[in-house]
Amino acid sequence: MASVKPSVPSGTRDFSPAEMAKRNFIFDTIKGVFRKYGYQQIETPTMEKLSTLTGKYGDEGDKLIFKVLNSGDYLVKADVKQLEDRNSNLLTSSISEKALRYDLTVPFARYVVQHQNEITFPFKRFQVQPVWRADKPQKGRYREFYQCDADVVGSKSLLNEAEFVMIYDEALSLLGLKDFTIKINNRKILSGIAQVIDKYDSIIDLTVAIDKLDKIGLDGVIKELLERGFTEADIDKLKPVILLEGSNDEKLQKLREALATSEIGLAGCDELETVFNYLQYTPLKKATLELDITLARGLNYYTGAIFEVKTNEVAMGSIGGGGRYDDLTGMFGLKGLTGAGISFGADRIYDVLEELNLFPASAVEGTKALIICFDASGETFALPLLQKLRNAGINAELYPAGAKLKKQMDYANNKQIPYTILIGSEEMQTGLLAFKDMESGVQEKLSAEDILTRLGA
RNA sequence: GUAGGUAUAGCUCAGUUGGUUAGAGCAUCGGUUUGUGGUACCGAGGGUCGUCGGUUCGAGCCCGAUUACUUACCCCA
């Protein structure tokens with residue numbers, strides 16, 4: 001049999017022990033903060049019914065859903081006409097009924113509707129699981145990646161929005177970031193702007209264009225707006241709003257003036273002001289909260305607040321985002337439930353922490369002590385000590401089989417084990433073991449009890 | 001979907017205008033050293049040069065196709 005060169009599908013990755021330790025540091029920190037704020041963890045299946053997912057992410061999104069082929073002889077049940085026509089799109093529905101989860105929000109909505117009688121509202125849940133997208137991978141963009149979501153359904157209160165800001169602030173501060181900006185905007189303000197220039201129907205084009213301000217600059221935005229059918233007069237009205245400056249309060253003030261004729265726009269201003277007010281009572285640790293009118297985000301289902309988080313320490317896309325979406329569960333037949341949520345981009349946070357060298361040494365909790373025997377006769381002597389170490393909560397190993405010392409030492413070095421305990425005939429006779437600090441090379445004769453003490457037991 | 005780039009040892013990559021037997025570093029294994037690792041030295045294993053076809057006396061190198069990977073755009077986290 002020809003051997004196949006081992007590799008993983010593009011856009012997916014293996015994670016080494018060292019990487020997993022760092023990833024778990026991120027996940028554990030974020031989960032801890034979620035729990036602290038009263039969010040409870042759920043998980044949903046890797047696969048959802050295809051019908052649950054289709055139509056929720058727009059036409060582009062539907063194409064990016066990984067479909068799972070039906071079990072058994074799926075072609076028997078395939079639609080003959082579509083098969084002959086080579087019509088992949090239509091054929092899909094007759095050969096695939098399941099698909100990989102595309103995000104955590106839609107499965108969550110399904111969960112809420114399905115379990116509505118068991119849930120006490122407002123329901124605060126968090127979820128940390130991988131999602132899959134059949135996208136073309138590129139830098140910082142994978143076909144399998146993790147989302148860390150916290151959402152609350154069944155509460156219109158803007159306290160939730162304020163709490164999201166606090167969660168971002170606390171979690172990212174705990175991860176070691178020192179300078180990051182939580183950008184906040186409100187979909188209603190964007191609607192108001194579109195209303196004021198009388199282009200309410202073109203709100204998507206409007207937001208897609210101004211969202212790119214920091215990427216392509218004002219001239220680029222103007223060009224894009226012109227291409228999308230906006231007039232010079234529209235743009236003249238837009239400019240002062242897009243280029244707002246000053247403190248959040250000053251921006252709000254100017255916005256109220258600009259949006260005076262738009263009821264919905266003013267409602268958005270009111271909401272933002274309420275959130276800002278709440279946050280006056282809970283000072284932020286490291287985050288800067290910034291009202292950013294150009295923040296639109298691609299997701300069109302946001303109806304109120306919109307969040308995006310960026311680090312100011314390295315050049316990197318957003319490391320978190322979220323917002324409020326009314327009628328989250330409406331697509332599954334449960335009307336009138338509002339939801340709001342945030343998400344942490346764990347993979348990007350990883351890159352940021354790596355670049356800034358912010359992973360603490362404690363994140364890598366490997367073996368602390370390796371017992372090395374000169375020959376197999378030391379093994380039975382070593383076992384009781386090994387158990388004592390482990391009972392004391394010290395990660396410890398006994399090198400299996402009687403390998404040469406060099407090999408055992410190399411093993412300790414490669415695994416970055418800081419201490420070795422050497423056992424030979426002399427040690428077994430005297431009961432004093434060779435305790436070696438692998439970094440300094442210093443070796444001492446210590447009793448088992450002293451070794452336990454030295455290792456902090 | 002659009003447009004580029006790359007493909008040679010387990011990994012990272014050299015390889016001259018096309019010319020004998022395919023190169024290095026790292027990694028692995030063994031030895032110098034049978035009670036002591038990191039450093040050093042010596043040695044070994046490991047390749048259908050992505051695949052198929054073409055040009056040529058001769059192709060890792062030139063041409064075409066194909067596949068995989070990768071980068072940017074659209075979009076997204």
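Chain naming here is simple, since letters A, B, ... match the order of the sequence lines and numbering starts at 1 in each.
Checking the phosphate oxygens (OP1, OP2) of C69(B), a side-chain nitrogen or oxygen of S10(A) falls inside 4.0 Å. At least one side-chain nitrogen or oxygen of K407(A) sits closer than 4.0 Å to the OP1 or OP2 atom of C29(B). Close to G31(B), at under 4.0 Å from its OP1 or OP2, lies a side-chain N or O of K404(A).
With A72(B), G37(B), A77(B) as the choices, the nucleotide that has an atom nearest any side-chain atom of K436(A) turns out to be G37(B). Among the nucleotides G35(B), C75(B), C73(B), the one closest to any side-chain atom of E427(A) is G35(B). Of the listed nucleotides (U71(B), G38(B), A77(B)), U71(B) has the atom at the smallest distance from the side chain of Q138(A). Residue N414(A) has its side chain nearest to U28(B) when only A72(B), C75(B), U28(B) are considered. Nearest to the side-chain atoms of R133(A) among the listed nucleotides C76(B), G38(B), G35(B) stands C76(B). With distances taken from any side-chain atom of L405(A) to the nucleotides G31(B), C74(B), G35(B), the minimum falls on G35(B). Of the listed nucleotides (A77(B), U36(B), G38(B)), A77(B) has the atom at the smallest distance from the side chain of R141(A). Listed candidates were G37(B), G35(B), U36(B). Nearest to the side chain of S425(A) is G35(B). For R348(A), the listed nucleotide lying nearest its side chain is A77(B); candidates were G38(B), U36(B), A77(B).
Across all strands shown, U48(B) remains unpaired; no Watson-Crick or G-U wobble contact has both distances below 3.5 Å. In a base pair of the Watson-Crick type (N1 to N3 plus N6-O4 or O6-N4) or a G-U wobble (N1-O2 and O6-N3), with each distance short of 3.5 Å, A40(B) is matched with U32(B). Across the strands present, U70(B) finds its partner in G4(B); the criterion is a Watson-Crick or G-U wobble pair with both atom distances under 3.5 angstrom.
Within the nucleic acid shown, N413(A) comes within 4.0 Å of at least one base atom, counting heavy atoms only. Here G441(A) lies in heavy-atom contact (under 4.0 Å) with a base. Across all strands shown, Y142(A) has heavy atoms under 4.0 Å from base atoms, whether or not it also approaches the sugar-phosphate.
With 3.5 Å as the limit, one finds a donor-acceptor pair spanning the side chains of D234(A) and T231(A). In this structure, a donor-acceptor pair under 3.5 Å is present between the side chains of D103(A) and Y57(A).
Each of K212(A) and K136(A) lies near RNA chain B, and the nucleotide nearest K136(A) is the one positioned closer to the 5' end. Residues I319(A) and K139(A) each lie close to RNA chain B; by heavy-atom proximity, the contact nearer the 5' end of the strand is made by K139(A).
Applying the 6.0 Å contact sphere to CD of E354(A) captures more than 12 heavy atoms from other residues, nucleotides or ligands.
Taking the ring axis of Y102(A) as reference, the NZ or CZ atom of R133(A) stays within 45° of it and closer than 6.0 Å to the ring centre.
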Inset, instruction - Test salt bridge (Lys or Arg N to Asp or Glu O under 4.0 Å) on E144(A) and R13(A) and set out the steps. - result: CA-CA 8 Å; E144(A) 179 186 55; R13(A) 298 159 291 168; over 6 Å; no

